[in-house]
Structures are given as structure tokens and as C-alpha cells.
Engineer: 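Okay, here's the structure, questions in a sec.
Letters A, B, ... mirror the listed sequences (proteins, then strands); counts begin at 1.
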Protein chains: 2
Amino acid sequence: MYSVCVSTPERLIEATRELLWERGYVGTSPKAILQRAGAGQGSMYHHFNGKPDLALAAIRRTAEEMRATAEAVLGGPGSPYERVEAYLRRERDVLRGCPVGRLTMDPDVVVSDELRAPVDETLDWLRERLAGIVEEGQERGEFASALDGEEIAATIVATVQGGYVLARASGSTADFDMGIRGLLSLLAPRSPTGDSPTSTSTSTSA
Amino acid sequence: MYSVCVSTPERLIEATRELLWERGYVGTSPKAILQRAGAGQGSMYHHFNGKPDLALAAIRRTAEEMRATAEAVLGGPGSPYERVEAYLRRERDVLRGCPVGRLTMDPDVVVSDELRAPVDETLDWLRERLAGIVEEGQERGEFASALDGEEIAATIVATVQGGYVLARASGSTADFDMGIRGLLSLLAPRSPTGDSPTSTSTSTSA
DNA sequence: GTCTATAATAAGATAGAC
DNA sequence: GTCTATCTTATTATAGAC
């Protein structure tokens with residue numbers, strides 16, 4: 001239920017966003033959306049063309065929001081490594097999973113080019129954004145020059161997405177954090193002599 | 001539809017396994033299972049206590065199978081790094097996703113301790129198995145001693161699980177492969193002087 | 001615009017014939 | 001053991017009143 005100062009289409013989109021995050025597309029019924037939005041059937045079919053159309057509006061907004069949240073950190077201050085670390089360590093609703101990434105496990109979303117497009121574009125943008133930062137870090141000598149920026153970026157995004165899987169399997173955020181710490185220790189700037197000078201993980205001994 | 005030489009409960013379990021992989025728990029109806037198994041309602045409710053009970057049998061078998069598949073590679077020949085690499089590069093139905101990991105995005109599975117248990121135990125086993133191999137590799141000097149085996153193992157599992165997300169988002173296996181190559185380049189054995197001597201990725205220059 | 005019928009189809013389970 | 005009704009509720013959408 002949302003404040004009465006918000007328009008009905010707005011309430012419908014927000015309710016759909018929440019339910020898509022909690023239960024996915026297949027697990028979300030129009031009825032559940034209407035109940036949460038506090039609206040009747042007629043409102044939904046007046047403003048939208050049905051469940052897929054409403055879901056598309058919700059997915060687009062969620063994708064946009066995720067992009068903005070990531071950009072706030074990735075475009076922030078600090079060295080390339082520090083910005084990647086800030087992205088990886090930023091506060092997350094780990095046990096709820098990624099509201100964008102989870103849609104890739106939804107059969108009806110993956111099968112629809114229209115519903116899948118915002119998901120694909122967002123993850124693709126994130127990968128490219130990270131790749132640029134990694135390459136910038138390589139020029140500064142922060143990351144090993146032998147690495148491939150695009151590949152490392154894919155690894156970073158995958159580790160985050162897979163971290164959600166581990167956390168939701170065990171019901172604990174610890175597994176997510178563990179995977180992130182492992183990745184950060186692998187990414188940690190190394191001096192030319194081989195060992196990591198920067199203590200970025202709990203595992204680095206004195 | 002399965003061969004007539006297979007028992008009805010067996011056909012029901014196999015049909016459920018397929019549908020759980022394709023559509024998840026929420027997206028799979030008893031009706032769809034019965035049609036694929038070529039059985040009537042009575043058969044299902046005679047052998048199982050309903051959808052959750054049948055799904056549990058299916059999930060347990062899938063989890064067991066995944067464990068055996070992983071062990072076949074992780075317990076195989078080769079150095080620790082080679083076994084990790086073999087695991088990461090092993091043939092996969094990338095676009096279908098992980099039949100075990102995908103269940104963590106199913107709201108009704110995550111909420112049920114019984115249905116979630118096989119998923120949790122399997123991913124936990126995999127993490128522990130990989131952690132042991134990484135630690136073995138550290139003793140041999142194959143992996144940097146500063147790394148934490150448990151953390152690296154979590155990163156490995158997460159990268160695979162997240163790789164499926166990337167691939168399903170774009171509809172292409174290329175993103176999965178890219179993330180895996182990135183991880184392998186980060187894990188690649190380094191000589192004490194700093195650069196990677198073993199060519200494990202397409203990105204390593206001559 | 002929003003609401004409440006109404007309706008056709010599907011989900012999930014039970015009963016009882018064979 | 002397997003099958004086909006039967007049943008209750010939910011899903012998704014339409015129609016038409018207000």
C-alpha cells in the first residue's frame with residue numbers, strides 16, 4: 001500500500017517491482033499486484049496491456065535504478081581498484097538477490113526478447129563500465145597488464161551474481177561476502193616482486 | 001515421454017527434474033509433469049504426497065548428479081590448478097543454467113527448509129571440495145600463499161553460478177566463457193617474479 | 001479512471017471406479 | 001497401481017456499471 005498522493009499507474013509499477021524481486025515473473029500474479037497496489041482489475045487493464053506490459057514497465061525502472069546505483073559508485077572518487085572494491089563492497093540486500101539478475105532464471109522472461117532486453121542491456125552496460133575501469137587501472141599499473149579487461153569485468157559481475165546464489169542457498173550473507181573477499185584478494189594490486197602489499201582481505205597475514 | 005521399461009515413479013521424477021530445470025518450481029505445474037511423464041493424476045498422488053514431495057525427490061537426485069559430475073573432474077588427475085581449470089572448463093549446458101543453483105531464485109524453494117537443503121548441501125560440498133584443492137595447490141606453491149582457500153573456493157563457485165546469469169541474459173554462452181577465462185587468468189600460477197608463465201587464457205600475449 | 005461482476009482456463013488435490 | 005471424474009481455488013482477462 002502506497003501513499004494516496006501517488007498515481008495509480010505508479011503504485012501498480014512499484015507493487016510489480018517488489019513482487020518481481022520477491023517472487024519473479026512466473027511467481028507473480030496480477031491479483032497479487034492489485035492487492036499490493038490497492039487497485040482494482042479495471043485500473044490495471046486501463047493503464048497497461050496486461051501482465052507482460054506492466055512487468056516491462058517495472059523491469060525497465062528496476063534496470064534503470066540498478067544502473068544509477070552502480071554508476072554512483074563506479075563514477076565516484078578513488079583509484080580504479082578502489083572503485084571496483086567500492087562496487088563489490090557496497091551495501092546490498094544480499095538475501096533478496098539481484099532484482100535484475102534473478103529475472104534470467106525466469107522462463108517467461110528469458111523467452112521474451114522484450115522482457116529480457118532491459119536485463120541484458122543493464123548487465124552488458126555494467127560489464128563494459130567495469131572493463132573500462134580495469135583497463136584504466138592497467139594503465140596506472142594497478143592491475144596486471146596481462147589481464148583482459150573485458151574478461152575481468154565479466155568475472156566481477158559473475159562473482160556478484162553468483163554470490164547471491166550462494167547466499168540464498170545457505171540463507172546467510174556470509175557466503176556472498178566470502179566470494180567477494182576472494183575476488184578482491186585475486187584482484188589486489190601486486191608489487192612487481194609478486195606478493196600483495198595492500199591488505200584488502202581478512203586473509204592477508206601480517 | 002520415456003521408455004515403457006521404466007517405472008511410473010521413475011518417469012515422474014525424471015519429468016519433474018526436466019521441468020524444474022526448464023521452468024523452476026513455481027513455473028512447473030503437476031499437470032505439466034503428468035503430461036511429460038505420460039501418467040494420470042492418480043499415479044502421482046499414489047507414489048508422492050503432492051507437488052512438494054515429488055519435487056524433493058527430483059531435487060535430491062539432481063543434486064546428487066551434480067555432485068558426482070563435479071567429483072569426476074575434481075577427483076581426477078592433474079595438479080590442483082589443472083583440476084580447478086578442468087572443473088571451470090568442463091562442458092556445460094550453459095544456456096539452460098545450473099539445475100541446482102537456479103532453485104535459489106525460486107521463492108517457494110528458498111522458503112522451504114526441506115526443498116532448500118539439497119541445494120545448500122550441494123553448493124556447500126562443492127565449496128569445501130574446491131577449498132581443499134586450492135589449499136593443496138598452495139602447499140605446492142601453485143597458488144599464492146596469501147590467498148584464503150575458502151574464499152577462493154567461494155569465488156570460483158560464484159563465478160560459475162553468475163556466469164550462467166550473464167549467458168542467459170544475453171542468450172549467448174560467450175559471456176559465461178569470458179567470466180571463466182577472467183577467473184582463470186587471475187588464478188593462473190605466477191612465478192615469484194610476478195608474471196604468468198602458463199598460457200591459460202586467450203588474452204595472454206606472447 | 002476506477003470499480004465490480006463475469007468468465008474461461010489452469011492449479012492442485014481428492015474420490016472412487018477399475 | 002492406474003485411471004477418470006470431481007472439486008476448490010487461483011489465474012488472466014473482458015464487460016459494463018458508476
Engineer: Please tell me which of the listed nucleotides, C/dC3, D/dC3, C/dT14, lies nearest to the side chain of B/A39?
Structural biologist: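 Nearest nucleotide to the side chain: D/dC3.
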Engineer: Just how far, in rounded Å, is P of D/dA10 from CG of A/L34?
Structural biologist: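 Whole-Å distance recorded here is 15 Å.
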Engineer: Does C/dC3 have its OP1 or OP2 closer than 4.0 Å to a side-chain nitrogen or oxygen of A/S43?
Structural biologist: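 True: A/S43 side-chain N/O within range (under 4.0 Å) of C/dC3 OP1/OP2.
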Engineer: Can you measure B/L12 atom CG to D/dG1 atom P for me and round it to whole angstrom units?
Structural biologist: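 After rounding, the reported distance stands at 13 Å.
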Engineer: Out of C/dA5, C/dG1, C/dA13, which has the shortest distance to the side chain of B/P52?
Structural biologist: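 Side chain of B/P52 sits closest to C/dA13.
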Engineer: Does the structure place the NZ or CZ of A/R92 under 6.0 Å from the centre of the six-membered ring of A/Y87, at an angle of no more than 45° from the ring's axis?
Structural biologist: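 Ring-cation test returns yes.
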Engineer: Rounded to whole angstroms, how far apart are CE on A/M44 and C1' on D/dT11?
Structural biologist: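 The answer, rounded to whole Å, is 11 Å.
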Engineer: Are any of the side-chain nitrogens in B/R60 or B/E121 under 4.0 Å away from the carboxylate oxygens of its partner?
Structural biologist: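 The answer is no: the pair does not qualify as a salt bridge.
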Engineer: Tell me whether B/R83 is salt-bridged to B/E136, with the criterion being a basic N under 4.0 Å from an acidic carboxylate O.
Structural biologist: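 Salt bridge present between B/R83 and B/E136.
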Engineer: For A/T8 and C/dT2, is the shortest distance between a side-chain N/O and OP1 or OP2 below 4.0 Å?
Structural biologist: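 Yes, such a contact exists.
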Engineer: Would you call B/R17-B/E65 a salt bridge at under 4.0 Å N-O?
Structural biologist: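 Salt bridge present between B/R17 and B/E65.
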Engineer: What is the distance, to the nearest angstrom, from the NZ atom on A/K31 to the C1' atom on D/dA13?
Structural biologist: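 Taking NZ of A/K31 and C1' of D/dA13, I get 14 Å after rounding.
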Engineer: Would you indicate, yes or no, if D/dC3 has its OP1 or OP2 atom less than 4.0 angstrom from a side-chain nitrogen or oxygen of B/H46?
Structural biologist: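 B/H46 to D/dC3 OP1/OP2: no side-chain N or O under 4.0 Å.
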Engineer: May I ask you to evaluate whether B/S29 reaches the phosphate of C/dA10, defined as a side-chain N or O under 4.0 Å from OP1 or OP2?
Structural biologist: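 Checking C/dA10 against B/S29, no side-chain N or O comes under 4.0 Å of OP1 or OP2.
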